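So you know, we letter chains A, B, ... as the sequences are listed, proteins then strands, and number each from 1. Just so it is clear, the model here is predicted, and its values are computed rather than measured.
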2 protein chains.
Amino acid sequence: MAEEKVAVDLSCVQISGTEEEDVVDPWNVTSKSQTGIDYEKLIKRFGSSKIDEAVIERFEKLTGQRAHPFLRRGIFFSHRDLNTILTAHEQKKPFYLYTGRGPSSAAMHLGHLIPFIFTKWLQDVFDVPLVIQLTDDEKTLWKDIKVEEALKLSQENMKDIIAVGFDPEKTFIFSDLDFIGKCPAFYQNMVRIQKCVTFNQVKGIFGFGDSDVIGKISFPSIQASPSFSTSFPFIFGNAKLPCLIPCAIDQDPYFRMTRDVAPRIGMPKPALMHSTFFPALQGAQTKMSASDENTAIYLDDSPKKIKTKINKYAFSGGCATVEEHREKGGNCDVDISYQYLTFFLEDDEKLAQIKQEYSSGAMLTGELKKELITLLTALVGEHQKRRSQVTPEVISQFTQIRKLKYNYS
Amino acid sequence: MAEEKVAVDLSCVQISGTEEEDVVDPWNVTSKSQTGIDYEKLIKRFGSSKIDEAVIERFEKLTGQRAHPFLRRGIFFSHRDLNTILTAHEQKKPFYLYTGRGPSSAAMHLGHLIPFIFTKWLQDVFDVPLVIQLTDDEKTLWKDIKVEEALKLSQENMKDIIAVGFDPEKTFIFSDLDFIGKCPAFYQNMVRIQKCVTFNQVKGIFGFGDSDVIGKISFPSIQASPSFSTSFPFIFGNAKLPCLIPCAIDQDPYFRMTRDVAPRIGMPKPALMHSTFFPALQGAQTKMSASDENTAIYLDDSPKKIKTKINKYAFSGGCATVEEHREKGGNCDVDISYQYLTFFLEDDEKLAQIKQEYSSGAMLTGELKKELITLLTALVGEHQKRRSQVTPEVISQFTQIRKLKYNYS
């Protein structure tokens with residue numbers, strides 16, 4: 001999936017008023033506000049729907065499971081056609097999940113985990129197939145990365161993705177540079193999509209210009225193709241299944257285009273669930289960046305590095321002096337340590353308690369940071385342990401072209 | 001290969017002076033002059049080199065074979081870097097041949113045979129591998145042809161191509177829609193090429209515009225890819241071989257682009273041999289068109305149809321009355337029947353005799369047409385016989401991904 005690039009369809013994305021400089025597209029996410037992007041306004045601009053209490057209730061009722069913290073806490077906050085997917089599930093009709101990643105560096109950071117953690121949970125509660133696309137071709141086209149190097153980054157990223165805990169019997173992971181040359185049906189869908197989208201359209205949606213290389217211009221068809229079950233005949237046979245795509249909201253332009261194309265090639269429109277951005281250590285004005293390593297906690301950071309980064313860089317909502325903090329309390333809305341806890345601390349009561357203590361001034365910034373350091377050190381350590389067990393053989397279990405454990409006509 | 005489309009890089013192609021309306025690009029070939037395109041001027045405009053007596057002599061000396069009639073008669077009249085290929089052959093260094101076709105209709109016509117007949121001859125005299133690309137993806141993108149239909153057209157066209165007499169041990173034939181999804185190395189080369197060419201460049205070379213679909217815009221990378229031996233690792237291993245491409249000169253823009261990209265991806269520039277156009281029955285102002293069946297002799301035409309088409313439509317260089325013709329003689333420069341004989345009558349002496357008799361008025365148009373009818377009826381009849389023997393098994397001998405009879409390191 002695309003991650004950091006070009007200016008895009010700003011007419012649809014820029015938000016007026018105090019946040020007028022919010023920019024959200026597949027390559028840029030920035031906000032003027034310390035509390036970050038105004039997601040309510042983004043929903044209006046993008047024309048998506050809010051994941052509200054009613055949707056979450058329906059989710060819980062249908063699956064018989066308590067909603068994931070990412071749902072309960074508004075981290076997955078927006079959707080398109082989610083009710084169609086829920087109705088399909090209710091009627092025992094099959095669907096599948098699709099998510100992905102653009103492998104721009106060997107080391108992934110915490111923010112990259114969000115869609116994968118959530119997708120794994122969705123797969124668990126729905127018990128459906130999942131395809132994961134690594135757009136290494138995109139990284140070659142956008143960055144100074146050779147084909148050979150991009151293929152290696154895919155291999156490295158696959159280890160981190162597999163370490164999230166996916167089940168090889170239910171999950172197909174592929175790198176574009178490897179897989180597209182192994183599946184005629186996928187290439188044929190690329191061509192079908194390429195036939196439905198003009199340069200003018202990708203100019204409007206993605207901001208591509210005349211100086212862009214032709215590979216960039218046709219790339220959106222490649223990110224669109226996995227939205228159609230016919231791209232994977234070895235998994236789905238000839239079945240035309242609906243698809244649900246969990247992703248960060250900056251990827252939405254790709255799937256707006258895909259949803260426009262779908263009926264024209266006789267396929268169902270993919271449904272989407274959009275997440276907010278995992279903020280940079282420096283504050284919620286931007287998301288973590290793989291190109292500045294001090295903005296992010298990496299999945300290969302040592303405990304010492306995690307501690308240093310949080311203590312040194314994590315933007316604090318606390319007051320300047322202990323006295324002032326005890327008196328006025330900290331501001332959880334801008335405090336990055338607190339924000340990170342809302343992503344990763346599963347215990348609702350403990351989170352509420354921290355919020356109360358920090359806001360009231362009973363808890364100091366150092367203490368809050370210590371909570372986060374403890375949590376992330378454990379989380380990253382466990383991730384590293386699982387990752388170390390991902391051998392080339394394990395990778396090939398996921399990447400082999402094969403039937404999954406599901407049957408379709 | 002592309003055949004009939006879009007307006008193109010006219011600055012490079014339009015010819016000033018009396019032929020100022022000559023248009024030559026991958027989708028249009030038209031001339032105001034009854035004698036057709038001014039090829040000498042085209043060579044200057046395109047910046048290619050003439051296949052002159054010296055080149056032909058070197059050809060004959062190196063191969064120990066008399067030059068093919070298409071060479072001796074100026075039908076293959078222009079080249080790029082042919083001497084590099086001849087030097088490689090002289091030094092016993094390997095190279096390979098690449099040609100192709102855009103399968104826009106199930107029935108091919110006589111004009112479509114020209115590059116294949118010549119390429120077969122080149123393969124015979126040089127004993128080298130040959131790859132033949134069927135750009136069915138291109139036809140889907142440009143025309144109202146579905147993927148499934150385009151794949152079928154490829155199958156039909158393969159029969160005609162195989163009937164030319166290629167050797168399956170030396171020849172790999174592929175349809176893009178089938179093969180690209182079976183060869184990661186080919187897709188990887190597509191991406192490498194797509195990274196080197198901007199929208200501005202394809203706009204300049206091919207005349208693409210903002211309303212064109214994104215598949216068209218990136219398509220030139222697909223026609224370029226077979227020019228690089230690394231696109232076929234199953235044939236060439238890791239060897240970086242030079243490539244010689246025989247094609248009609250309207251395809252040159254694709255390979256000008258390819259030659260520009262080659263050094264940037266560390267590959268040798270492909271060499272080219274360009275043919276003139278096989279003229280329409282109605283005259284040399286245009287080439288045969290698959291969309292108007294009365295402009296062409298099709299490879300599935302019956303003897304009766306051949307006879308009718310030639311008698312009815314073949315533009316005559318003869319005079320209005322027998323008396324006038326006997327006195328002034330016919331004009332071979334514009335007479336289509338005579339032109340066709342220069343393509344297909346191998347006997348030089350007989351051709352010279354016909355020219356002499358027709359020019360002098362001793363031979364009437366009806367007699368000249370009869371010569372052509374006899375020749376083409378036999379040629380098409382034999383082609384149909386060979387084509388009828390091309391079973392699906394024979395096709396798969398050519399299309400299977402495999403090593404050919406050559407060894408490379």
Side-chain angles (χ1 to χ4, degrees), chain A residues 136-148 150-151 175-204 206 208-222 224 230-231 233 257 261 265-266 401, chain B residues 136-148 150-151 175-204 206 208-222 224 230-231 233 257 261 265-266 401:
Chain A
D136 41 14
D137 47 358
E138 179 208 6
K139 291 303 162 191
T140 296
L141 289 165
W142 260 266
K143 295 179 169 255
D144 187 20
I145 294 179
K146 290 200 173 204
V147 164
E148 293 72 17
L151 278 161
S175 115
D176 286 342
L177 287 169
D178 179 57
F179 171 66
I180 292 175
K182 291 180 175 170
C183 184
F186 192 96
Y187 178 65
Q188 289 165 18
N189 270 349
M190 277 167 55
V191 172
R192 288 187 181 96
I193 297 162
Q194 286 172 1
K195 189 176 176 166
C196 293
V197 181
T198 66
F199 180 73
N200 263 328
Q201 287 172 298
V202 293
K203 195 169 169 176
F206 303 100
F208 296 151
D210 289 13
S211 316
D212 276 312
V213 297
I214 58 175
K216 286 187 184 182
I217 291 163
S218 58
F219 176 75
S221 68
I222 299 173
T230 50
S231 298
M257 186 201 87
V261 168
I265 66 169
I401 292 180
Chain B
D136 41 13
D137 47 357
E138 178 208 9
K139 292 304 161 190
T140 297
L141 289 165
W142 260 267
K143 294 178 170 256
D144 187 19
I145 293 180
K146 291 199 171 202
V147 164
E148 293 72 17
L151 277 161
S175 114
D176 287 343
L177 286 169
D178 179 59
F179 172 67
I180 292 175
K182 291 180 175 171
C183 183
F186 192 97
Y187 178 65
Q188 289 165 18
N189 271 348
M190 277 167 53
V191 172
R192 287 187 181 97
I193 297 162
Q194 287 173 0
K195 190 176 176 167
C196 293
V197 181
T198 66
F199 180 73
N200 264 328
Q201 287 172 298
V202 293
K203 196 170 170 175
F206 303 100
F208 296 152
D210 289 13
S211 316
D212 277 312
V213 297
I214 58 176
K216 287 188 183 182
I217 292 163
S218 58
F219 175 76
S221 69
I222 299 172
T230 50
S231 297
M257 185 201 88
V261 167
I265 65 170
I401 291 178

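By the 4.5 Å heavy-atom criterion applied to side chains, V197(A) and S221(A) are not counted as neighbours. In this structure, the side chains of I180(B) and F186(B) come closer than 4.5 Å at one or more pairs of heavy atoms. When side chains are defined from C-beta on, W142(A) counts as touching F219(A), because their heavy atoms get closer than 4.5 Å. Using a 4.5 Å heavy-atom threshold, the side chains of F199(B) and I214(B) count as separate.
For the set G215(A), A185(A), G209(A), the entry with the most heavy-atom pairs within less than 4.5 Å of chain B is G215(A). The most heavy-atom pairs under 4.5 Å with chain B, out of R192(A), K146(A), Q194(A), Q188(A), come from Q194(A). Heavy-atom pairs under 4.5 Å with chain B were tallied for D178(A), T140(A), V202(A); the largest tally goes to T140(A). Most heavy-atom pairs under 4.5 Å with chain B, from the set T198(A), V191(A), D176(A): that is T198(A). Of the listed residues (Q201(B), K195(B), K182(B)), the one with the most heavy-atom contacts under 4.5 Å to chain A is K195(B).
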Walk me through it: do I217(B) and F206(B) pass the test side chain to side chain contact (heavy atoms under 4.5 Å, CB included)?
CA-CA 9 Å; I217(B) 292 163; F206(B) 303 100; over 6 Å; no
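Interface remark: Y187(A) contributes side-chain atoms only to the contact with chain B (heavy atom separation under 4.5 Å). Proximity to chain B is absent for every atom of I193(A), based on heavy atoms less than 4.5 angstrom apart. At a 4.5 Å heavy-atom cutoff, the contact between I222(A) and chain B is made by side-chain atoms alone.
Although no hydrogens or angles enter the test, the distance criterion places no donor-acceptor pair under 3.5 Å between the side chain of D136(A) and the main chain of S175(A).
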